[in-house]
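Atoms considered below: every heavy atom in the structure, side chains included; atoms not considered: hydrogens, waters and symmetry mates. On a predicted model such as this, the values are computed, not experimentally measured, just so you know. Counting starts at 1 for both ligands and their atoms, in listed order.
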Amino acid sequence: MEMPPLILVSNRGPVGFVDDGRGGTTMVRSGGGLVTALSGLVNVAPAVWISAAIEDGDARVQEESDGEYRVPGLGVDLRGRFVVMGHEVYERYYNVVANPMLWFIQHYLWDLSNVPDIGEEEYAAWDDGYIEANRLFADAVVGALADHPGSVVMLHDYHLYTAPEIIRERRPDAFLHFFVHIPWPQPDYWRVLPPRIRERIIEGLLANDIVAFHTQRYARNFLLSCEDLLGIEVDYSAMCVNYRGRRVRVRNYPISIDADGFTELAASDAVAAEEATFLRRRRRHLVVRVDRTDLSKNILRGFTAFDIFLDRHPEFHEEITFFAMLQPSRQDVPEYVEYVERITQLVSNINTKHGNTDWMPIDLRFESNLPLAVTAYKHFDVMLVNSIFDGMNLVAKEAPLVNERDGVLILSENVGAYEELGAFSLGVNPFDVDAQADALHHALTMPRDERQGRATAIKDVVMENDIAKWLATQVADIDQARGEAMLPPVTPDPD
Ligand code: GDG
């Protein structure tokens, strides 16, 4: 199958440009899973990647380009377009609506008796921030479609829900594919938002040809939301909605990792450089977690469970370390700053309560260091992934893939990865700290052959359902849907 040219759209693009202090700019590659995940596509098809101007040199690069800048060293023929918006628009779109409002709703994070208040400021952030930013993204897509006819548009994530509707109005013929990387909650939780906002979000998504999620559960929740919140008929067996004369397919494609690439990373010099020190400090048992300091990751309850485990099992004292590597995230949002403080305080209390001058039960690191994270993936006995809700959680796939000790995965039933890996992990309810404490003990005392069986099964699933499959199934579905769209409408049989 020949790949059509692509127009990729996401808030953060593959590269940014920072002022070099000498009147020029330096290109920096963006970190993050999205770029890695989509690199498989840009390596086989020409693509234009539309993203917001975020770094201080981005707007200038856009201004000085002929509409698109080249991205050397990435993809077969990758170009970029920055969407330039005023500071106030970006603030409202990104820091008021997308994060936290939509992120909190989609991870069920609001403490609803207290927050949020939807008032003048939030309406302004919606109308003059989110909608405006999405209009600017839509303009850029329409411009790119004019320059690259026949392209397939692939939009990513909760920053861009309303753009497809604007694109559709101006280009009814466009093929629009939208991937939501985070959970889609049940319809009632969307009622936190007033009707005109939540309806616009769902209508925006229904302007696509394919709306894609990680799991069946999110796809089903989306159909339920269409039914409950917009009152439109949906087809659960075909997983589609007929909306305004078009067929909208609702699909699930579990995102994954580049299994071979990640295995190579685990064997790299950069990882080996971390490994020697890491292994020297190792006690007999090692529990690991690696997360952004996001409220959805449930970091506090993980430590509380470890505290309970240490209370119940003094035989593990001095024999075990909980290595927690947390990457500071969104430290411009007050709730996230407070979260880091609460984590630090809780860890200090637990270390004081159980530890001694020779043994610190929890080794807490606030740092971003992928080689060190991968080192921990290789050597854990127990990997704790206990998110409150999590779209997929790639750590749950990466860590078992490269683990060398037949370590056990403890996995929250509310992460996307649970649909694929739940059967081979120890499933936990993320709020049940008691069960998490028991799961730690169960994992640490599991017979070797059982651990081996589970670990091998997880590796097999991750290798089978890797990122290439994630991309290939979407491309095949796009191909099929485009083919169907080109067929003449079926005329009813006169009999
Ligand atoms: C969102 C959704 C969904 C770890 N330490 C470092 C580092 N990592 C890597 C991990 C992993 C990635 O960061 C984190 O990915 P997750 O999927 O676990 O979580 P989110 O960041 O919340 O991602 C999530 C994902 O999007 C994809 O759709 O799975 O549910 O929330 O690959 O190994 N990376 C760097 N330094 C580190 O120290 N650079």
Side-chain angles (χ1 to χ4, degrees), residues 10-12 28-40 98-100 102-104 106-109 154-159 178-185 212-215 217-218 252-259 261-263 265-266 270-271 274 278 288-299 323-330 336 364-378 380 383-403 409 411-412 414-421 430 462 465-467 470-471 474:
S10 61
N11 177 62
R12 187 173 283 278
V28 282
R29 291 272 282 266
S30 310
L34 192 65
V35 177
T36 317
L38 297 184
S39 58
N99 303 314
L102 297 176
W103 181 270
F104 274 41
Q106 295 197 237
H107 292 85
Y108 300 89
L109 289 176
M154 299 180 88
L155 302 111
H156 285 265
D157 239 353
Y158 58 99
H159 312 89
F178 198 109
F179 199 96
V180 180
H181 286 258
I182 61 177
W184 190 271
F213 299 90
H214 290 308
T215 68
R217 181 160 148 190
Y218 309 151
N252 74 289
Y253 311 99
I255 200 169
S256 192
I257 57 171
D258 169 3
F262 208 83
T263 308
L265 173 62
V271 171
E274 296 289 346
F278 189 84
V288 168
R289 78 172 305 143
V290 175
D291 291 287
R292 285 185 301 105
T293 55
D294 194 281
L295 297 166
S296 64
K297 302 291 182 182
N298 208 19
I299 297 164
F323 181 77
M325 217 186 125
L326 308 177
Q327 296 86 56
S329 180
R330 302 185 186 162
Y336 282 69
L364 174 66
R365 311 281 180 92
F366 287 112
E367 66 176 290
S368 187
N369 176 350
L370 189 58
L372 180 56
V374 175
T375 300
Y377 296 166
K378 285 173 80 172
F380 71 81
M383 183 79 210
L384 180 62
V385 175
N386 67 331
S387 311
I388 292 174
F389 284 95
D390 209 332
M392 172 55 66
N393 197 293
L394 293 176
V395 173
K397 294 190 168 181
E398 294 164 346
L401 177 73
V402 297
N403 183 258
L409 176 65
L411 193 60
S412 159
N414 293 341
V415 307
Y418 194 80
E419 268 185 18
E420 289 161 275
L421 306 180
V462 175
N465 299 345
D466 77 348
I467 192 72
W470 181 73
L471 292 172
Q474 289 177 85

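With Glu274 contributing its side chain and Val374 its backbone, the two residues share no donor-acceptor pair below 3.5 Å. At least one donor-acceptor pair closer than 3.5 Å links the side chain of Asn403 to the backbone N or O of Tyr377.
A side-chain donor from one of Tyr158 and Asn99 sits under 3.5 Å from a side-chain acceptor of the other. Counting only N and O atoms by type, the side chains of Ser412 and Asn414 include no donor and acceptor under 3.5 Å apart. Side chains of Asn298 and Arg289: a donor-acceptor N/O pair is absent below 3.5 angstrom, by distance only.
With sequence neighbours excluded, no residue forms a salt bridge (charged side-chain N to carboxylate O under 4.0 Å, His left out) with Arg29.
Closer than 4.0 angstrom to ligand 1 by heavy atom are Trp103, His181, His214, Ile255, Val290, Arg292, Lys297, Met325, Gln327, Ser368, Asn369, Leu370, Ala373, Tyr377, Asp390, Gly391, Met392, Asn393, Leu394, Val395, Glu398, sorted by chain and number.
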